[in-house]
Structures are given as structure tokens and as C-alpha cells.
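Worksheet: one structure, shown below.
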Amino acid sequence: MKLFEFMGKELFKDYAIPVPDGRVVRTPEEAAAAAEAIGSVVIKSQVLTGKRGKAGGIAFVDDPQSAQQEARRLLGMEIGGFPVEHLLVESKIRIDKELYLAITLDGGRRCPLILASLEGGMDIEEVPEAQIVKYPVDVTLGLRPFMAREICRRLGLTGGQAKAFSDLLFKLFKLFQEMDAELVEINPLVISGDSLLAADAKVTIDEDALFRHQALHRVEERTDLEKKAHDLGLAYVELEGDIAVMANGAGMAMATLDMLHYYGGKPANFLDAGGGAGVEQTARALELLLATEPRVILINIFGGITRCDDVAKAFATVKEAKDLTTPVVFRLVGTNEAAGLEILRGIGIQAYRTMQETAQKAVELSRQSSA
Amino acid sequence: MKLFEFMGKELFKDYAIPVPDGRVVRTPEEAAAAAEAIGSVVIKSQVLTGKRGKAGGIAFVDDPQSAQQEARRLLGMEIGGFPVEHLLVESKIRIDKELYLAITLDGGRRCPLILASLEGGMDIEEVPEAQIVKYPVDVTLGLRPFMAREICRRLGLTGGQAKAFSDLLFKLFKLFQEMDAELVEINPLVISGDSLLAADAKVTIDEDALFRHQALHRVEERTDLEKKAHDLGLAYVELEGDIAVMANGAGMAMATLDMLHYYGGKPANFLDAGGGAGVEQTARALELLLATEPRVILINIFGGITRCDDVAKAFATVKEAKDLTTPVVFRLVGTNEAAGLEILRGIGIQAYRTMQETAQKAVELSRQSSA
Amino acid sequence: MAIYIDENTRVMVQGITGNQGSFHTRQMLAYGTRIVAGVSPGKGGQEVEGVPVFDTAEAAAAQERLDASILFVPAAFALDGALEALNAGMKVVVAITEGIPVHDAMTMITIARQKGAVVVGPNTFGLVSSGKCKIGIMPNQIYTPGSVGVVARSGTLSYEIVANLQEAGYGTSTVVGLGGDRAVGLNFIDVLPELEADPETELIVMVGEIGGTAEEEAAKYIEAHVSKPVIAYLAGKSAPPGKRMGHAGAIIERGRGTFQAKVEALSAAGVEVAELPFQVPELARKILA
Amino acid sequence: MAIYIDENTRVMVQGITGNQGSFHTRQMLAYGTRIVAGVSPGKGGQEVEGVPVFDTAEAAAAQERLDASILFVPAAFALDGALEALNAGMKVVVAITEGIPVHDAMTMITIARQKGAVVVGPNTFGLVSSGKCKIGIMPNQIYTPGSVGVVARSGTLSYEIVANLQEAGYGTSTVVGLGGDRAVGLNFIDVLPELEADPETELIVMVGEIGGTAEEEAAKYIEAHVSKPVIAYLAGKSAPPGKRMGHAGAIIERGRGTFQAKVEALSAAGVEVAELPFQVPELARKILA
């Protein structure tokens with residue numbers, strides 16, 4: 001779960017990581033009041049995407065009137081598909097140098113990875129590898145002073161700056177671990193003399209660990225439909241095509257989409273009904289798909305733990321209840337296959353045996369109905 | 001550093017470990033006031049030694065007047081050589097069962113060791129081994145829920161009691177680690193229904209870690225002389241004999257005492273002047289010894305890192321400054337031995353080469369001067 | 001000879017009294033797995049499918065020699081369960097549980113490594129030494145002994161491929177499910193050396209997907225160290241960036257983890273990359289012919 | 001052949017620019033120890049006795065192959081220093097520092113074990129492979145090669161005994177200082193198997209003292225596994241209970257760690273216990289004659 005910059009900075013404050021003086025506002029009038037109180041400010045659109053600077057989502061102003069004006073402009077914007085609903089009005093800070101500091105997860109090493117560079121302020125992807133210090137931290141050791149010394153040495157930081165940097169690094173690492181973060185990123189981390197200031201804050205929290213962080217405000221990145229699916233315990237991603245897809249297993253669902261693409265079709269969604277879904281869950285998944293009003297529905301079930309008869313039963317129920325007219329292409333193999341096929345035949349559906357036949361048929365039908 | 005029971009219980013409260021309602025008092029009047037406020041109470045002498053119950057250091061009273069009377073009696077006692085200066089006046093509690101719980105250090109395994117038994121209330125040394133659960137905890141794992149479950153299983157605790165016990169165990173382990181404890185012991189740990197109460201508290205903090213616990217009140221177990229030595233960075237233990245001993249190295253000092261005993265002598269102290277003591281430190285150590293007015297002084301130096309000439313020089317200086325008349329038996333071998341012996345000869349002292357000659361001579365002299 | 005587990009592996013089931021636990025205990029027993037103990041706190045003394053249940057793993061280990069454990073415990077308690085198994089001496093811990101916090105996963109994996117043990121998963125279907133021992137939740141009927149070693153990030157997709165292979169007449173030596181999470185105990189590069197060294201394996205099939213760099217690392221490893229033929233199928237070619245495709249690990253982020261990068265790396269390492277799942281047996285036929 | 005260290009051991013000194021660090025670097029170099037790097041934060045680029053100084057152990061390890069480290073850092077920073085050395089790949093870490101919090105000692109020892117390394121000490125004089133390599137603070141002149149392996153809890157007392165042996169014509173193979181603290185990386189039972197297996201060692205001398213149960217455990221081990229003759233001297237026969245005799249570990253508490261218990265256990269295991277230090281060479285003469 002990505003946090004807005006202002007939420008990340010609230011967390012930073014909890015961990016005594018210095019951030020510029022600032023306020024979150026939702027209206028031009030509040031922006032003016034904030035500028036009145038703070039003085040020269042920078043107004044930053046709060047969106048869950050990068051590159052807002054390049055998109056014109058940041059404004060520097062010196063008086064409340066300009067603040068109001070710019071805030072109005074920003075609140076009317078959409079950046080990377082996200083409407084701007086909050087602004088962070090912050091004190092302008094003196095910038096001697098911009099560093100980069102992040103902690104992320106290293107799936108290969110299965111441990112937190114500290115990324116630091118003296119070249120901050122730009123996208124880290126644009127910084128040459130040689131300028132980036134990468135330091136993995138063994139989770140059973142945690143961050144230790146000797147590690148901070150080594151990172152400072154590699155960066156070339158000494159004296160007061162090294163001390164301030166290490167101090168901040170320890171706080172950030174603590175936040176990373178205690179808050180179950182997947183990513184904490186400060187870019188730029190601003191040097192003002194010997195002191196450091198987090199000018200930006202990107203924080204992503206592990207959704208699977210949210211149960212440990214009840215106090216944390218929930219940020220919703222999902223579309224309404226995706227949220228509904230999530231609440232049902234289903235993995236669902238909205239796409240832009242016309243063939244609704246349901247498969248059991250994430251890899252199977254991805255492979256089904258790939259095959260539709262391969263044959264020239266356009267899937268409307270990714271939906272993993274789960275490796276061992278029963279009647280109830282399958283029915284819910286189907287209802288969800290119908291709500292998107294697709295041209296064709298493709299159901300691809302390899303029954304392992306999932307029982308084919310359960311899926312067929314669920315489908316039959318939903319079909320009847322919803323008086324389904326959308327064409328459905330079914331593939332049903334594996335555990336209790338015969339019983340499942342029998343049920344489908346009973347409602348007039350002839351299932352396929354292979355993924356490729358299924359996909360080809362779905363693409364064909366989607367073309368017919370769009371013609 | 002051993003803590004008084006009332007200090008241990010203050011720590012317990014910091015860690016939300018339940019203790020009986022109570023107050024520390026220093027006068028019979030305060031004891032009466034405490035009893036007035038609390039009701040039926042137990043008054044416990046606060047001394048840094050066990051077995052105070054058997055020594056009559058605990059009283060149960062039901063009214064303020066008896067509290068005052070008993071407090072007066074207790075405050076006049078000495079238990080195991082310790083005068084009673086504080087009393088803990090605590091609410092009497094209902095006791096369904098007395099358990100034992102401690103966490104100590106296992107030097108063999110180099111890890112904390114949890115000791116628990118359903119047989120509490122008596123000295124743990126008196127409980128049969130089979131009745132004691134011993135559970136070592138890997139320091140890099142820390143205490144984990146599965147460990148608490150296993151301990152409860154071995155104890156035979158279930159349901160609400162297991163839950164309460166585990167909960168308390170986690171708090172106690174946290175205290176043990178965070179406070180750098182060498183020992184935390186609750187005996188008895190009282191079961192009152194499904195809730196648990198620490199009726200006693202024995203806590204020993206690692207002296208070497210006190211720098212991390214500035215807020216902790218210092219308890220002084222040392223004699224004045226031992227304290228003075230400690231402040232000088234010397235390991236010193238007061239003994240009851242008449243031969244003052246200085247040696248370099250703890251093992252060497254112990255061996256010297258042993259040898260004096262072997263030849264029938266009585267050492268006045270243990271003093272480790274350090275493995276690499278210089279002129280200054282050696283002089284301080286000598287001055288300390290003189291303050292005890294021994295009959296004989298034995299100095300046993302095996303110069304490794306310690307330089308014999310440094311020791312001789314220090315001795316000569318102190319001898320002159322203090323106009324030393326006490327007989328001194330010197331053994332000086334090792335690094336810069338010749339120069340050291342030369343200095344000693346200059347002040348009329350003939351040093352020995354072996355420990356045994358030195359010890360025998362010191363014993364002989366101690367007999368002469370006591371005759 | 002087999003890798004990780006074999007017919008002598010003695011297995012403990014954690015969470016054996018739950019729905020999933022008892023169902024899969026029955027399935028695994030039916031496959032021939034030697035399940036000798038179950039753990040379920042507070043249920044010690046019971047039996048599930050004839051398997052004795054203990055309150056703790058230590059209690060179980062005191063009664064039975066145990067080599068491996070399979071975890072069916074809720075995500076919030078999975079770290080504790082895995083550590084319990086490791087602490088009781090288990091050398092293979094299969095974490096079926098989905099939705100384990102990634103910090104917990106990193107901790108269990110790191111501690112396992114320190115103890116010379118492996119965690120399989122989390123969010124894995126398990127692993128099977130065909131005809132000998134299945135520790136997982138996959139359908140029994142598709143794993144017949146053969147010479148193809150399979151290592152996969154996803155469950156049903158690998159079942160599909162294994163079933164296709166079976167239909168084409170190719171059995172499997174060992175099939176390992178890596179798990180769909182961001183940090184898993186075994187990556188491709190951990191399993192590849194085992195399959196390379198395994199005399200029962202003649203051909204290696206990798207089932208990968210978008211997200212992370214496990215396939216790219218595998219490609220480097222294969223180029224340098226693997227002499228056996230390798231076929232790969234990768235899912236997610238058509239997935240949009242920035243979206244998790246079911247698995248926590250299946251996401252293209254900041255330009256990393258793309259389908260193209262993985263295919264290029266694997267192809268450069270001499271791996272045959274199948275475009276569609278059903279092509280895997282066709283490629284196998286060409287190679288093994 | 002030698003145990004733990006030998007003439008090829010490449011040593012790093014942590015805290016090399018301090019008084020103790022530079023003094024003992026000189027002494028160790030004089031003994032012939034291959035000191036190839038020093039660490040002292042902020043002093044990188046300097047030299048001490050010709051040894052290059054680095055800011056961090058990782059920086060040193062990037063320049064030099066390193067096998068062992070000796071720590072002269074203040075007690076409050078010793079854990080960090082030990083972990084730094086272990087993390088940089090050192091397999092032997094000698095912690096000279098006195099007064100290290102015991103929880104820190106347990107942590108460094110546990111982590112060392114997980115990494116297949118050993119901590120010697122804390123509060124040790126170090127260890128020496130006579131004539132080959134000395135990593136410690138003991139006087140150079142008393143360690144001449146020979147066939148007596150010595151393992152000791154205390155420093156100067158072991159110097160006394162080693163010097164007595166030397167005077168009597170017996171050199172030493174390896175001398176290991178366990179350290180005087182409550183929790184140390186090596187106990188008698190860790191070193192005894194090494195000395196038993198070491199072809200250079202014919203006779204083992206243990207220098208023990210009151211406190212703890214290391215000698216009792218050693219006795220059990222010797223009875224079961226040590227075929228070489230063992231002589232022991234134990235200090236503290238006359239020490240009163242409840243008082244720490246200089247070493248944090250030298251204390252009789254709750255009836256544990258008494259002189260009598262140790263002597264009885266060792267005698268029962270066939271160990272010759274000397275009553276006074278100078279008897280050790282006499283016993284050695286009898287045994288080796």
C-alpha cells in the first residue's frame with residue numbers, strides 16, 4: 001500500500017526524521033492560509049505516482065495570494081491518471097546538496113537493501129550504477145553502526161554529515177522494519193549545512209502486514225471493482241479488453257491472458273479464483289465478471305484441488321440466477337472432470353479440453369459480437 | 001548489581017508485570033501509614049540476601065498499630081550481615097498456588113535460560129530437578145510464542161493460566177534483555193484464579209552494562225574500601241586475614257591467596273592490579289593496601305605486559321612518601337626484571353624468584369609480627 | 001536419489017486439525033508420503049487420519065524422527081510456526097500459507113539458512129519427489145516418476161505443464177514450487193544446481209513469470225553451470241506494468257521484472273523458451289529424442 | 001598443523017591506532033604474527049608499525065585476505081566491532097576487551113557460531129600457536145614450540161605456568177586464553193577436542209578457576225573423549241563464596257562453581273590436579289618421561 005507523501009512524512013515525524021515544516025490542505029483557501037503562516041512555500045500535489053514535478057504538479061510561491069492561485073490550478077489537475085485531491089504546503093528550504101536514500105526489499109538476497117547516493121533529486125534509475133551504494137542488511141543482525149560507517153565511507157561522507165546521515169539511516173531502518181515497509185525512499189534527502197532534511201517521502205507498506213498496523217490510514221489504489229474483488233478474497237486486475245477471464249491460480253490466469261493476446265484477443269481483466277476455490281467463491285467471482293459486461297466470458301479451470309463439479313455447479317447457479325446471455329467459453333479438466341462436464345452439458349455448454357482451443361474460441365466469439 | 005525487591009518491582013511495573021499493591025518505607029510511622037492505606041499487609045525487610053523469611057525478616061499484620069510495632073522490630077534487624085534500612089509494605093494477596101519463574105544466564109550455552117516450576121515458594125535449589133523446566137533461548141531468535149507454548153506444555157499449564165503465564169514471560173524476557181539483567185527471579189509467582197502476581201522480585205543487573213542504564217538507581221554492595229578500589233579500576237575483595245596481597249591478574253591473585261592458605265597464612269584481601277598496570281595504577285593499589293594496616297605485604301608480579309621496573313618504581317615512590325615500615329615480601333620476575341630488582345635493592349629489598357618462596361616468607365613474617 | 005526429499009522423508013504437518021491441514025494430510029498420505037506427526041496447539045493427543053497430533057513441534061520431535069514440515073497456519077502465525085519447525089530440527093519447511101508479511105518471510109528464510117535448512121515458499125504449492133514423497137497441495141495424479149525436473153513460481157500453471165508432459169509420456173523426477181511471494185526460500189538458482197546434480201533428472205523445465213529478477217539470475221547461472229537442457233515458459237507477457245498479477249511477486253515495477261528482459265536473458269543462456277504452455281512437451285520431445 | 005591459527009593466518013587489528021592497539025601490534029609483529037591490516041574509523045590511510053589502517057573492516061577485507069581479528073575497542077563498542085569482523089569474513093575474532101556487557105558477549109558468540117567462526121574471549125589474553133602466530137597480549141618470550149597444549153581461563157597465571165614449563169624444558173604447541181567473563185566464545189570443551197586431535201600436542205594443561213561449570217563439563221568430556229594426558233591447576237581454593245574474584249566469571253554463587261566440585265570432577269575423569277602452580281612441570285615430567 002503506497003502512502004501519500006504527507007502520510008510518509010507523518011511517519012517520518014513519528015521516527016524523528018526531520019522534514020520541512022508543512023501542512024496538508026484540500027482547498028485553495030487552506031493553501032493560502034498555510035502560506036500565510038509558513039512564508040515562502042512549495043506546494044506539492046499529493047498523488048501516488050512519480051514525476052509530478054515534470055507534470056507541473058509542484059509550485060513555488062512567496063505569498064498567500066499566489067499560493068491560492070497555484071493551489072487552485074493544482075487541485076484541478078490529474079497526474080498519471082490520479083486526480084489531485086490533497087496538496088502539501090511546505091516551507092521552502094535551503095538546499096546545499098541533494099542526496100538519495102532508500103531502503104527496499106532484495107528478493108534475491110531475501111533481505112532489506114539500503115540504496116544511497118550523493119546524486120539525489122533525480123530519478124534513481126537515471127543515476128549511474130557506480131554512483132549508487134547498495135548495502136544489503138542481514139535481518140537477523142539488523143542495521144549496525146559498522147554498516148552505517150561502511151555506507152558513509154563508500155559515499156565519501158565524513159564528520160558531521162556522516163553522523164547526521166547515520167543517525168537518520170538508523171531511524172529510517174527502524175521505520176522500515178517496524179512499519180513492515182516494502183519501500184521507504186527519500187529523494188531528495190537535502191543537506192542544509194550539517195543537518196539533513198527529508199524533502200520527499202515515498203513509503204510503501206506491505207499489504208499482508210496491515211493487520212499489524214491498525215492505526216495506519218488505508219490508502220485505496222484499487223478501482224471499485226478491484227476493491228470489491230479484494231474484499232471477496234480474489235486477486236483481480238481491471239484491463240481494457242472485452243473478454244472476461246477467470247482462471248484458477250495466478251500463473252494460470254496470466255498464461256490465459258497471454259494466450260488470448262497471442263490469438264489476437266483483448267482480455268477485460270485478470271482474475272485468479274484461487275487454487276482451491278469452492279462453489280461459493282467461484283459464484284462470487286462469476287458475478288463480479290458479469291458486472292463488467294464483457295462480450296465473452298472465458299473460464300479456464302485446471303482442477304487440482306479445485307473440483308470441476310464445484311466450478312460447474314457454481315456456474316450453473318449463477319447462469320440461472322442472472323439469466324446469463326453472454327457467450328461463455330469453458331475449459332474444465334482435472335479432478336471430477338466427468339461430473340463437471342455433465343453439469344455443463346445439462347445447461348447446454350460444451351467445454352473444451354485444451355487452453356488453446358478455449359482461447360481461440362473466445363477470441364473468435366469476441367470478434368463476432370463486436371462486429 | 002543486585003536490586004532490592006522494591007526496585008525490582010518498580011522495574012516490573014515499568015514492564016506491566018503485575019505486582020501486589022505496596023509502598024517502600026523507612027520508618028515505623030511510614031509503615032503504619034502504609035498499612036492504614038492498604039489494609040492487611042505483609043511487611044518485608046529489604047536486604048540483598050535470600051532467606052529473610054527464615055531469619056524472621058517478614059511480618060504479617062492486619063492493623064496500623066501492629067504494622068508500626070513490627071516495622072520497628074524489622075528496622076532494628078541485620079540479616080545475613082545486611083542492616084535492614086527499607087521495608088516494603090504490601091497488600092496481602094490470595095494465594096491459590098505458588099510457581100517459580102526465573103531467567104538467568106547459561107554460560108555453557110551462552111544464552112538466556114528460562115527456569116520455571118510449579119513448585120514455587122521455596123528455594124529453587126530445594127526443588128527436585130525433574131520439577132524444573134529449563135529452556136535455553138537463542139539470543140538471535142529471542143523469545144518466541146512457540147517457546148512459551150512448549151514451556152507451558154512441559155509445566156502442564158493450559159487455558160487461561162497458560163495465557164497469563166506466557167504473557168508475563170514475554171514481559172519478563174523483555175525486561176531481562178533490555179535491562180541487561182543477569183538474573184530475574186520471581187519466587188513465588190502467585191496464581192490467584194486465572195491471574196498471576198509477582199510476589200517477590202530478585203533482579204541482578206550486569207555491572208558492565210550500567211552505562212546503558214543511567215536512570216537506574218545504583219545499589220552499593222561493596223565495602224568502602226572495595227568501592228574505593230573499584231573507582232580506581234582495581235578488582236579488590238576484602239578478606240579477614242593479615243597479609244595484604246597485590247598481584248597482577250585475577251588468576252594470579254587467586255593463586256597467591258591459595259598458596260598463602262596452603263602455607264598456613266591468612267590473606268587480608270584479593271587485589272588484582274591488572275595485567276598491564278603502569279606506575280600510577282600500581283602506586284594507587286599500594287596506597288590502598290597500606291590503608292588496611294596489614295602485618296605483611298606480599299607483592300607478586302609476573303611481568304608480561306606489566307614492566308617490573310614500573311612496579312618497582314611505583315613501590316619505591318610509595319614507600320618513601322608513606323614512610324613505610326610494614327614488612328614487604330616481593331616477587332618480581334619477567335619483563336625488565338633486572339632493572340626492577342636493581343630499584344628494589346636500592347631501597348633495601350631483596351625480591352624472590354618463585355611464588356612459593358614468597359608465600360612462605362610472607363606467612364613466616366605474619367606469624368612473627370603477630371607474636 | 002532425489003533432491004530435498006525422498007521416500008524416507010518423515011513429515012510433520014503444522015495446523016493438521018484445520019480444514020486444509022486435514023484434507024491435504026489425507027491427500028499426501030494417499031500419495032505415499034510418510035506423515036508421522038501433526039501439530040496443533042491444544043489438540044495434543046488427538047489423531048488425524050491416523051497421524052498422532054502434538055501440542056508443539058518439540059513434543060512431536062521428542063516422539064518421532066522428523067525431517068520436514070508443511071505449514072497450514074494462518075499468515076499472522078506462520079513465522080512462529082516456521083521457526084518452531086526449524087528449532088525442532090526440521091531441514092525442509094514448506095510454507096503453503098499465502099499472505100505472510102514479507103518481513104516475516106525474510107526472517108524465516110534467513111534463520112533457516114543459518115541452520116542449514118531450507119524454507120520452500122511461502123505461498124508455494126510445495127514439492128514432490130515423484131512416486132516417493134509429496135509435501136504440498138498439488139493433485140496427486142499428475143506426478144509419475146520420470147526424467148523431467150520442474151521448478152515453478154506458480155501452482156496451477158505448473159500442474160497444467162506437468163499434466164501436458166505426463167500426457168506426452170514424460171514423467172517428472174522432482175517438482176519444486178518456489179512460491180509466488182516477493183521473498184521465497186528457494187529461487188531458481190537454488191534449485192538448478194540440485195537438478196543439475198540429480199542423476200534422475202535429464203531435462204529441466206522452468207515455469208517463471210514476470211516480476212523480480214529470479215529468471216535473469218537463473219539465466220546467468222545456467223550459462224555458467226548447467227549442462228542439462230532447460231526449457232522455460234514464462235507467464236505475464238501481456239500484463240500491464242505496476243499491477244500485481246495475483247502473486248505478490250508478479251509485478252513489473254520501475255521497468256524491472258519485464259517479460260522481455262527475462263526471455264532475452266534466458267534465450268541468451270541457451271534456454272528454449274516456449275511461447276505457449278502446450279509447447280513445452282513438444283520441445284521436450286525434440287530435446288529428449 | 002596447529003589449531004585455530006598458524007603461520008599463514010592473516011590478522012587484522014581493530015583499534016590499531018590506540019595505545020593498547022599500537023603497542024600490541026608491535027609486540028605481535030615482533031613475535032612473527034602476520035598483521036596485514038588495522039581498522040580505526042576516521043584514520044583510514046594512515047600506517048601503524050608499517051601496517052595499513054582502514055576506516056572499516058570491509059574496506060580492509062577488500063584490500064587484503066584476512067583470517068582473524070583482534071579487538072582493542074572500548075567495551076561499549078566491542079559488540080559492533082566483533083560483528084564487523086565476522087561480517088567481513090573473519091573466522092577467528094579475539095576479544096581482548098574487558099567489561100563487555102554479557103548480553104553483548106552472548107550475541108557476538110551466537111552470531112559467530114552461526115557463521116562458522118569463533119570468538120576467543122571476551123576478556124582473554126588471546127591465543128598463540130607457538131613459534132607461528134600470536135594473537136593476543138601475552139609476553140612473547142615464554143612461548144617456544146613444544147608439545148604441551150595449554151587452555152586457560154586466566155592470563156598471568158597461565159603465563160606463570162607456561163614460563164615454569166618453559167624453564168623445565170617444555171615448550172607449548174598452542175595456548176588458548178578462554179577469557180575471564182561469564183559467557184566466552186570458547187570453553188574448555190570447545191578447545192579440548194582440538195588439542196586431542198592436534199598431532200603437535202602430547203599433553204594438555206588446563207588452567208581453571210572457581211565459578212561456573214566449565215571445568216565440570218570439561219571433566220565429563222575428558223572422561224569420554226580425551227586420550228591424551230591432562231593436568232589441571234585451579235585457582236580460587238580459598239576464595240569466599242559470593243564474591244567476584246577479579247574475573248566476572250570467578251564467583252561461587254548458590255553453591256555452584258566451587259573449587260571442591262571442580263577438583264572432584266576432574267580427578268574422577270583421570271585428570272592430574274596440581275595443588276600449586278609450580279607442580280605442573282613436575283607432573284608433566286612424570287607423564288612425559
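Order of the sequence lines sets the chain letters (A, B, ...), proteins ahead of strands, with each chain counted from 1. Since the structure is predicted, the reported quantities are computational estimates derived from the model, not experimental observations.
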Given that the side chain runs from C-beta out, which part of R149(B) has a heavy atom under 4.5 Å from chain C: side chain, backbone, both or neither?
-> both

Would a distance-only check, ignoring hydrogens and angles, find a side-chain to backbone donor-acceptor pair under 3.5 Å from D55(C) to G42(C)?
-> yes

Look only at the side chain of R110(B) and the backbone of G108(B), and say whether a donor-acceptor pair between them is shorter than 3.5 Å.
-> yes

Is any NZ, NE, NH1 or NH2 atom of the basic residue among D138(B) and R109(B) found under 4.0 Å from an Asp or Glu carboxylate oxygen of the other?
-> no

With a 4.5 Å cut-off on heavy-atom pairs, point out which of R144(B), E150(B), R154(B) contacts chain C the most.
-> E150(B)

Starting from the C-alpha separation in whole Å, work towards a yes-or-no answer on side-chain contact (heavy atoms from CB on, under 4.5 Å) for K134(B) and E129(B).
-> CA-CA 9 Å; K134(B) 295 187 178 184; E129(B) 280 284 313; 3.4 Å; yes

Between N87(C), T107(C), I111(C), the one whose heavy-atom pairs under 4.5 Å with chain B are most numerous | N87(C)

